[in-house]
Structure formats: structure tokens, C-alpha cells
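Contents: one structure, followed by commentary.
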Amino acid sequence: MTQTWNAEAYGAHGAFVHELAGGVLEWFAPRAGEHILDLGCGDGQLTQRIAATGASVVGVDSSPAMVAAARGRGVVADEASAEALPYPAAEFDAVFSNAALHWMRDQDAMMAEVRRVLRPDGRFVAEMGGHGNIGAVRVALMGVLARHGYGDREDGVNYYPTPEGYARRLARHGFGVERMALIPRPTPLGAGGMSAWLRTFRSGVIDGLPEALRETVVDETVALLEPALRDEDGNWIADYVRLRFIARAES
């Protein structure tokens, strides 16, 4: 199922994505003068933060809405697939990505392209959903979908690898892993709670259902999740797990 993005909804309900990126930015440590690609740049919030270090940054995203939002912030951004990047070989000193790799369908094609556009010894630093990410959310949503006859709608939406499996995949594409960690990160959601999360981050699943069923699926999923992910004060906390790594393009 292909995810669809609404830049306005993402800005309203997904701000935690860039707000909680301090850890991966610390690992990335961009430097003035570097030529950097922000892979899956979204609405350009983090691209701006990287550019503020004095680096030369280009964002790329497959969503026209997100590219338009990034350009609206003054970010240099291209609309393209990660599996077919529109850049020459050895163009970048570093490739950065936050909360985007787990949306990419063909991981091997993506890694081959990242390796191609990186200069020798260039670094690939990213954070993505890791093994166990939104486990409760996915089980609840899949259960509700199955009850209504759409049990396969969640299949293949995301890829949440283990550190060991992803390190092996990176190695097959000519990367040496310098550092990798699987990080549980319970994530508070905003005022819209789990309902807004589902409509934002599972819009491709929800919008693909018959219109009369969409609200029912959201409401039933929220009801199932409430005992596990909503605290005594009524706040929603999503069960996020992140995989963060630094890999180097081997010469």
C-alpha cells in the first residue's frame, strides 16, 4: 500500500519527527562546506537545520506535496525516488536521512543509489523505524482491518529491520558500519492523539478503504490501543523504536 502525504497534516501532527531528531543529528555532525543530500527530506525542517551549519544541502523526496513544502521554506529540493536519484556519481560528501528509509520499497536499489552518489569514504547517517517499531499500533490496525475484510492493507507499508539484518544489507552494498543502535523511544503524540496519527501516517491505508468504513476503522483501532498507549492523564504515547546508524562508503 502506497503512503500518501498531506504536508499540512504532517506539519500539524508529525512535528515530533523533526523535533526528536537531535540524536541522529548529533551522530551526523555536519560540517561547514560539506555537500550533503537529505534523503527523504519531507517538508525540509531538518534540511534547514543542517544548512544552518554552513553545509551545502540538497533535499530529495518522492512526495510532490513535501517537496513543495520544503521549497516553500527556501530549501533546495528535488522530487525523485530514492531508488533512482537524479545526481551524478560521487556527488556528495554525506547522505543523511531521518524517518524516511522505512518507507522505501526497494532497500537494495536505494542503498545502491546512495553508494553511487557518495564520494569514497563518504558517510551515510540515518535514523529509521527499527524492529518492533509501532508494534502495538500495527497489530491493532491489522486486527481491525482483518475483521472488516481488508486484512492485507497493512502488508508491506513499512520495513522495520533488526540491526544485524540491516548491517548485513549495508555491507552487501559496500558500506562499513561504524556505529548502529536500536533505540526504544516512546513518543508523545499531539492533541489529535492516535486518531490524527493514523490519518497522517496511515493515510494510504485508510484512504484506500470504502469511504463509509474509514471512520469505523480509525475509531475501532483507537479503542483497542487506548488501554496500552494512553496514560492516566489522557495523553497518547506511541511505541516507537528507532534504528540509527553511521555507515561509511568503502573504497
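For the numbers below, each heavy atom of this structure counts, side chains included, while hydrogens, waters and symmetry mates do not. On a predicted model such as this, the values are computed, not experimentally measured, just so you know.
The backbone N or O of G42 sits less than 3.5 Å from a side-chain atom of D61, completing a donor-acceptor pair. In this structure, R214 contributes its side chain and L209 its backbone to a donor-acceptor pair below 3.5 Å. At least one donor-acceptor pair under 3.5 Å links the side chain of R105 to the backbone N or O of G156. Formation of a donor-acceptor pair under 3.5 Å by the D239 side chain with backbone atoms of G135 is found in this model.
Counting heavy atoms of neighbouring residues, nucleotides and ligands inside a 6.0 Å radius, atom CZ of R168 does not exceed 12 of them.
For an aromatic pair to be called close, the ring centres must be under 6.0 Å apart, and F124 with F96 fails this. Taking the six-membered ring wherever Trp is involved, the centroid distance between the rings of H102 and Y159 does not fall below 6.0 Å.
Using modelled atom types and a 3.5 Å distance limit, the side chains of Y166 and Q107 yield a donor-acceptor pair. Side-chain atoms of R202 and N158 include a donor-acceptor pair closer than 3.5 Å. Under 3.5 Å, the side chains of R242 and N133 contain a donor-acceptor pair of N or O atoms.
Classification of R244 and E26 as a salt-bridged pair fails, no side-chain N sitting under 4.0 Å from a carboxylate O. For the pair E220 and R147, the salt-bridge criterion is met [side-chain N within less than 4.0 Å of a carboxylate O].
Because its NZ or CZ atom is both nearer than 6.0 Å to the ring centre of W27 and within 45° of the ring axis, R179 counts as a cation-pi partner of that residue.
Nearest heavy-atom pair across I36 and A55 is CD1-CB, 3.6 Å. Among all heavy-atom pairs drawn from P161 and G129, the shortest one is CD-O, 3.5 Å. Closest non-hydrogen pair, E127 versus R185, comes out as OE2-NH1, 3.1 Å.
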*Would you check, one step at a time, whether the test side-chain contact (heavy atoms from CB on, under 4.5 Å) holds for L37 with V57?*
CA-CA 6 Å; L37 178 65; V57 192; over 6 Å; no
